Amino acid sequence: MKANQAQGRRKTIRAVCSGASEVSFEKDGRYFRGKICDISLNHFSCMFYEGELPLYSRVQGMMLVIDGVHIQTNAVLLIQRELGEDGVLNVFVFNKNDGSLGLDGDNFIKVSEKVYQLISNKTEEMLHRMFVTAGKELEESRAAEKLKQQAIQSAKDRAEKIAKNEQGGSED
């Protein structure tokens with residue numbers, strides 16, 4: 001994907017998650033649960049079902065379920081973006097157990113594979129839709145060409161008939 005510049009301006013590619021992706025954790029005696037919106041190897045974004053967390057909160061042992069893949073990791077709430085009636089989008093950056101940024105070994109592999117799978121699936125769906133649309137457009141184009149050829153042939157037939165009638169009428 002890097003060779004095809006699929007990542008845009010981002011350092012790492014992110015994948016949009018399905019509704020089956022969730023985050024849950026406990027912080028300061030409160031339980032948080034939310035829908036994961038997207039994920040990359042550096043961060044993920046989510047919307048909590050209820051409650052808000054203070055900006056720059058460090059969360060230990062959060063559980064992420066990304067389309068069936070379970071990981072337990074640490075993260076820091078880095079950005080909160082107000083989305084009006086939809087709520088607040090929370091962007092977390094992953095932290096390794098040693099405090100550095102990113103995911104630890106096994107989690108890195110799991111998330112990497114899941115991001116690849118999600119992007120591949122979305123790309124395949126998009127290509128399939130485009131293929132089906134192109135097929136329909138080709139069928140319509142062929143049908144239009146067939147109608148055009150039939151109209152041309154009909155016009156030729158009428159012209160020949162008129163010509164024969166005119167030739168037949170002048171002989172009388």
Side-chain angles (χ1 to χ4, degrees), residues 1-24 33-49 62-71 73 75 78-94 101-103 105-171:
M1 287 189 178
K2 285 183 181 181
N4 294 324
Q5 298 177 344
Q7 68 185 25
R9 296 182 310 182
R10 298 179 183 279
K11 289 185 179 181
T12 59
I13 297 170
R14 67 180 171 144
V16 176
C17 297
S18 74
S21 299
E22 290 193 325
V23 58
S24 60
R33 206 170 131 250
K35 175 190 176 302
I36 298 176
C37 301
D38 64 50
I39 190 163
S40 76
L41 294 175
N42 293 332
H43 79 278
F44 72 95
S45 67
C46 69
M47 296 183 73
F48 297 128
Y49 296 125
M62 61 175 26
M63 288 298 304
L64 279 71
V65 179
I66 309 141
D67 283 355
V69 173
H70 297 254
I71 68 165
T73 190
L78 192 62
I79 299 170
Q80 289 179 317
R81 184 172 296 138
E82 188 69 41
L83 299 178
E85 292 180 16
D86 291 334
V88 176
L89 182 70
N90 301 280
V91 180
F92 285 87
V93 64
F94 292 117
L101 296 178
L103 290 160
D106 286 346
N107 287 340
F108 182 87
I109 292 168
K110 287 179 182 180
V111 171
S112 167
E113 289 172 351
K114 183 49 76 172
V115 165
Y116 176 81
Q117 179 190 22
L118 289 168
I119 290 173
S120 295
N121 291 347
K122 292 285 184 192
T123 303
E124 188 175 313
E125 289 170 16
M126 180 186 69
L127 290 173
H128 179 73
R129 281 193 311 272
M130 291 172 69
F131 180 77
V132 168
T133 300
K136 288 179 183 176
E137 289 172 356
L138 181 60
E139 285 178 28
E140 291 170 2
S141 174
R142 286 180 178 163
E145 182 63 29
K146 186 176 179 180
L147 286 173
K148 178 182 163 188
Q149 292 301 324
Q150 288 173 346
I152 290 170
Q153 187 60 47
S154 178
K156 284 181 181 178
D157 292 346
R158 275 186 271 139
E160 286 177 12
K161 191 174 184 180
I162 290 170
K164 282 182 184 178
N165 286 341
E166 287 178 358
Q167 286 176 354
S170 63
E171 291 177 8

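In this text, all values refer to a predicted model and were calculated from it rather than measured experimentally.
- For CE of Met130, the number of neighbouring non-hydrogen atoms (other residues, nucleotides, ligands) closer than 6.0 Å is 12 at most.
- The line from CG of Asn42 to CZ of Phe92 is 15.5 Å long, rounded to the nearest 0.5 Å.
- Atom CG of Leu89 is separated from atom CG of Leu83 by 5.5 Å, given to the nearest 0.5 angstrom.
- Residues meeting the side chain to side chain donor-acceptor pair (under 3.5 Å) test with Ser112, sequence neighbours left out: none.
- The distance from atom NE2 of His70 to atom CE of Met63, rounded to the nearest 0.5 Å, is 6.5 Å.
- Shown here are the side chain to side chain donor-acceptor pair (under 3.5 Å) partners of Asn121, two or more places apart in sequence or in another chain: there are none.
- For the atom pair CG of Leu127 and CZ of Arg129, the computed distance is 9.0 Å after rounding to the nearest 0.5 Å.
- Considering every non-hydrogen atom in both Cys17 and Ile36, the closest pair reads CB-O, 3.6 Å.
- Under the rule for a ring-ring contact (aromatic ring centres under 6.0 Å, His included), the partners of Phe94 that lie at least two apart in sequence or sit in another chain are Phe44.
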- Query: Could you walk me through whether Lys114 and Gln117 pass the side-chain hydrogen bond (donor to acceptor under 3.5 Å, both in side chains) check?
  - Reply: CA-CA 5 Å; Lys114 183 49 76 172; Gln117 179 190 22; 2.6 Å; yes
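- Side-chain contact between Val23 and Met62 is present, with heavy atoms from C-beta onward closer than 4.5 Å.
- Looking at heavy atoms from C-beta onward, Val115 lies out of side-chain contact with Arg14 at the 4.5 angstrom threshold.
- Counting only heavy atoms from C-beta outward, the side chains of Val111 and Leu64 never approach each other to under 4.5 Å.
- Across all non-hydrogen atoms, the minimal contact from His43 to Asp38 is NE2-OD1, 3.5 Å.
- Take Ser21 and apply the side chain to side chain donor-acceptor pair (under 3.5 Å) test, not counting sequence neighbours, and it matches Asp67.
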Only pairs under 3.5 Å count here: list side-chain donor-acceptor contacts from residues 142-158, not counting sequence neighbours, and write none if there are none.
unit_1, atom_1, unit_2, atom_2, d
Glu145, OE2, Gln149, NE2, 2.8
Gln153, NE2, Asp157, OD1, 2.9
Ser154, OG, Arg158, NH2, 3.4

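- Checking side-chain atoms of Ser141 against main-chain N and O of Glu137 turns up no donor-acceptor pair under 3.5 Å.
- Phe48 CZ: more than 12 foreign heavy atoms inside a 6.0 Å radius.
- Met47 and Cys37 get closest at one heavy-atom pair: CG-SG, 4.0 Å.
- Rounding to the nearest 0.5 Å places CG of Leu103 at 5.5 Å from CD1 of Ile71.
- Residues satisfying the side chain to side chain donor-acceptor pair (under 3.5 Å) criterion with Lys110, sequence neighbours excluded, are absent altogether.
- Here the closest non-hydrogen pair linking Val88 and Gln80 is CG1-CB, 4.0 Å.
- Atoms CD1 and CD1, on Ile13 and Ile39 in that order, are 14.0 Å from each other to the nearest 0.5 Å.
- Summarising the geometry of Ser24 relative to Arg33, their closest heavy-atom pair is CB-CG, 4.1 Å, with the distance given to 0.1 Å.
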